[in-house]
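Working notes, structure below.
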Amino acid sequence: MRTIILRQPGLVSILTLTLALMLPVGAMADERKDLAFEVIDRNAQQMTDVSDSIYYFGEMGMQEFEGSKLLKDTLEAAGFRVELGGAGMPTNVWAEYGSGRPKIAIVTEIDALPGGSQTPGEFARKPLVADAPGHMEGHNTHGGVAAMAAFAVKQVMQRHNIPGTVAISYGPAEEQLASRPFIVRAGYFKDVDAVIYLHIRDSLNTGFGIGNYAAISSVFTFHGKTAHGAVNPWDGKDAVDAVVLMDMGFDKLREHLRPSYRAHRTITAGGIQPNIIADKGQIWWFVRDASMPAAKETYEKLVKIAEGAALMTGTTYDVKYSASAWPQLVSKTLAEAIQKNVDLVGMPKWTEAEHERAREFQKTHGLPVVGLQTKVTPLGGRPQATSSNDNGDVSWVVPAGSLNFPSAVPGVGAHEWKAAVFPTSSISHKGQVVGAKTLAASIIDLLTTPELIQKARAEFEVESKKTPYFSLVPPDAKPDVELNKVEMEKYRTDMKKYYLNKTPRFN
Ligand SMILES: [Zn+2]
């Protein structure tokens with residue numbers, strides 16, 4: 001049948017036309033999705049080559065130079081316009097295909113974590129490079145899945161003359177919450193109709209409601225005056241005393257904060273030696289809450305405490321904005337649309353060997369021995385997580401949906417080395433295929449169903465107005481592009497030995 005079709009294109013068009021006239025709209029939609037699925041199956045290896053390459057780059061936030069270059073080259077070769085370095089960040093990638101509206105963007109990230117280097121497939125702790133960074137949250141998989149899905153959508157848009165634009169935003173330094181507020185401020189989402197957040201999990205799912213916590217991160221530096229600790233301490237002004245008093249001051253405040261708050265800190269400069277009164281003391285704070293106005297209220301009290309600590313010690317202080325993140329406002333309309341594709345694509349067909357490997361791993365690490373997930377997750381609201389993701393800001397300026405794909409083993413927490421064991425495995429690869437298919441099919445629905453965009457927009461107008469968006473970024477603040485630089489450069493040479501040196505090309 002396939003041979004006949006290929007050799008007689010004329011007959012095909014007549015057949016296709018006749019079929020198209022005979023079939024209901026839904027069947028047409030399926031034909032588009034079938035094409036997207038075909039493209040993804042054909043390019044599965046190329047997709048996972050992208051993701052696996054990024055795993056071995058193991059680059060921390062703002063230092064994703066190899067990863068962003070690979071994505072730029074891959075996507076340009078695939079017919080996308082790619083901008084590298086937008087919003088003042090050299091590793092910020094924005095790629096798009098098509099023109100005009102509707103414009104649908106995938107929002108994701110590819111950064112690794114400090115100390116996460118691990119030999120893939122090894123169940124015991126065995127870094128590839130000692131102390132080096134690595135992918136212990138699997139963000140490497142986002143690289144391939146997003147590019148693959150966008151390429152499949154492009155092929156469908158071309159074949160079926162679908163107007164509009166498909167875009168990908170790979171934001172740097174998600175792990176430090178350091179880029180999205182800047183990307184939003186630079187106006188990248190102004191003409192976008194909807195975004196889909198993409199993330200690795202152990203299941204295929206979407207959801208809706210408020211996800212994640214608001215967070216504000218700032219560094220407080222106190223400046224004092226040195227003196228000999230024994231000879232003339234009365235001449236000194238101790239900046240570390242100010243740090244300690246700030247810490248104690250906030251602890252006194254804790255009783256009077258909403259139960260939903262979170263606050264944590266680390267002392268990043270605590271003096272040099274006991275007999276030198278420190279002229280510099282520094283403390284780095286994270287303040288969080290269920291909503292940004294609530295987090296900001298606590299943060300303003302924290303600044304007052306810094307003022308008080310400076311007053312008590314005769315020191316001065318400055319405060320540097322470090323990062324911020326709004327909670328995610330995830331659209332029910334978009335969740336319902338994505339769920340249809342979650343149900344359509346379904347979970348990967350795991351082999352018994354893959355189940356066994358997952359069980360073995362779970363057993364080794366004292367996790368519940370449940371193997372791999374086999375059923376898709378039904379649609380529903382999700383409890384708000386107390387962690388944060390800086391992509392939250394995007395969802396307050398454009399309707400946002402969310403898609404998680406099953407490339408991880410159940411029970412393994414992110415940010416621990418165990419999560420770096422599977423991101424390049426066959427389990428991850430199969431999960432990436434269903435992730436890319438679900439994502440592509442959902443974008444096709446968004447591009448071809450104007451009512452869906454309108455409904456999501458109407459919902460957004462109501463929901464987003466309940467907490468009007470404001471940016472936490474000070475007007476003169478610039479992204480911290482030096483973030484993680486020194487740390488990354490320490491290891492990059494040794495890590496290079498493990499690079500895959502592949503040049504994936506979608507076709
Ligand atoms: Zn993540």
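All ligand and atom numbering here is 1-based and tracks the order in the structure. As the structure is a prediction and not an experimental result, all values here were calculated from the model.
For Glu137, the N/O/S atom at the shortest distance from the Zn ion (ligand 1) is named OE2.
Here the side chain of Tyr197 pairs a donor or acceptor atom with the backbone of Asn391 at under 3.5 angstrom.
With 2.8 Å as the limit, Glu174 does not count as an N, O or S neighbour of the Zn ion (ligand 1).
Between Leu177 and Ser388, the shortest heavy-atom distance links the atoms CD2-O, 3.6 Å.
The existence of a salt bridge linking Lys103 and Glu96 is confirmed by a sub-4.0 Å separation between a basic side-chain nitrogen and an acidic carboxylate oxygen.
In summary, the side chains of Ser51 and Gln432 do present a donor paired with an acceptor at a separation below 3.5 Å, with no hydrogens or angles considered.
Rounding to 10 degrees gives 110° for the angle at the Zn ion (ligand 1) between NE2 of His199 and NE2 of His139.
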